[in-house]
There are 2 protein chains.
Amino acid sequence: MNIGAAAGASGVTAKMIRHYEAIGLLRPAPRRPNDYRDYGERDVHELRFIKRARRLGFSMDEIGALLMLWRDRARPSREVRRIAEAHVGDLQARIAEMQAMAKTLAQLVRACHGDDRPDCPILDDLALGGSENRVSE
Amino acid sequence: MNIGAAAGASGVTAKMIRHYEAIGLLRPAPRRPNDYRDYGERDVHELRFIKRARRLGFSMDEIGALLMLWRDRARPSREVRRIAEAHVGDLQARIAEMQAMAKTLAQLVRACHGDDRPDCPILDDLALGGSENRVSE
DNA sequence: CTTAAACCTTCCCATCATGGCAAGGTCAAG
DNA sequence: CTTGACCTTGCCATGATGGGAAGGTTTAAG
């Protein structure tokens, strides 16, 4: 299977497949006599794995670790769970941060009459830092 | 005021101040005879404005627009509110997406015993795409 | 058989906000 | 006058992704 076919079958672009190989996430694909990369079902499977993990928001580093665990049929599920738990924690922290932003902003939007007049609580807040409601840092 | 002082007063690094100038977000600072950039209170104010807007998650494009509106004392608050509303919408969409990820992942974590045994619902899901609960795309 | 389309290969560049580093000019305090 | 703390510009790197060029291969149609 050529790289294009693998791309089609996995939903990962050919470009990204080469990239994943370049950064060591995937083992180098065997080459055919014409130097084309050759993929099998197993590789398509790994590509789909990567794609799904990306969709769940895992970082490339986390995916690297998950892939290694996945390839190791004797891995302890403990490891996998640890990574997933850490990621859930990450997600929750980012969600909380964004919710704080959205809340502050929604308050400001509510306070702004939003017509032709120039006075605007949103700009006032940005200028003066009224809601010094720091979300992190 | 030198760039370092402006950086200290605003919380924006000197590096980023130059960058903002380079990309046209800030007007080029006047130079002193020694070619040093010279800043005043007003500039520090703008830098703080930018910093606060970043903290609220506005994109650089949005900040550019907000800055222009801020400088225009006759702006209609309608414009400002529109930008802020759009950004709140953005935030909410991203929050929903991340919540969907976190939910799926939390379920998988709950299903994984997380011990020495190799079988793991988390990997199974990634491999087979059990929860084809697409979050976007 | 020739040609064109559709592949493949590698390599370079761009994004975006940010940081790091280097080489060289300037200024203030000792 | 030296030292150290500034300033200047410019280049490189990040990380995931896409764009595109230049050149080789395969395939299908003429």
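Just so it is clear: chains get the letters A, B, ... in the order the sequence lines come, proteins before strands, and each one is counted from 1.
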With the side chain defined as heavy atoms from C-beta on, B:K15 is closest, among D:dT9, C:dC21, D:dG18, to C:dC21
Quick one: [X] [atom1] to [N] [atom2], roughly how many Å, whole number?
{"X": "A:I17", "N": "C:dT10", "atom1": "CD1", "atom2": "C1'", "answer": "16 Å"}
{"X": "A:M60", "N": "D:dT14", "atom1": "CE", "atom2": "P", "answer": "15 Å"}
{"X": "A:H19", "N": "C:dC11", "atom1": "NE2", "atom2": "P", "answer": "15 Å"}
{"X": "B:I50", "N": "C:dC16", "atom1": "CD1", "atom2": "C1'", "answer": "15 Å"}

For the pair B:H45 and B:W70, name the ring-plane relationship: parallel under 30°, tilted 30 to 60°, perpendicular over 60°.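 B:H45 vs B:W70 ring planes: tilted.
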Is the distance from OP1 or OP2 of [N] to the nearest side-chain N or O of [X] less than 4.0 Å?
{"X": "B:Y20", "N": "C:dT18", "value": "yes"}
{"X": "B:R37", "N": "D:dT8", "value": "yes"}
{"X": "B:T13", "N": "C:dT18", "value": "no"}

Using a heavy-atom cut-off of 4.0 Å across all strands, would you classify [X] as base, sugar-phosphate, or nothing?
{"X": "A:S59", "answer": "nothing"}
{"X": "B:R18", "answer": "base"}
{"X": "B:I23", "answer": "nothing"}

Can you tell me how far the CD atom of B:E97 sits from the CE atom of A:M98, to the nearest 0.5 Å?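 B:E97 CD to A:M98 CE: 9.0 Å, rounded to 0.5 Å.
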B:R42 CZ to B:R71 CZ distance, which is reported to the nearest 0.5 Å: 7.5 Å
[X] versus [Y], closest heavy-atom pair with distance:
{"X": "A:L67", "Y": "A:E46", "value": "CD2-OE1, 4.1 Å"}
{"X": "A:R75", "Y": "A:V80", "value": "CG-CG2, 4.4 Å"}
{"X": "A:I122", "Y": "B:R81", "value": "CD1-CA, 3.9 Å"}

Give the residues of residues 26-36 of chain B touching DNA chain D, defined as any heavy atom closer than 4.0 Å, sorted by residue number. B:R31, B:D35, B:Y36
CZ (B:R31) with more than 12 external heavy atoms under 6.0 Å: yes
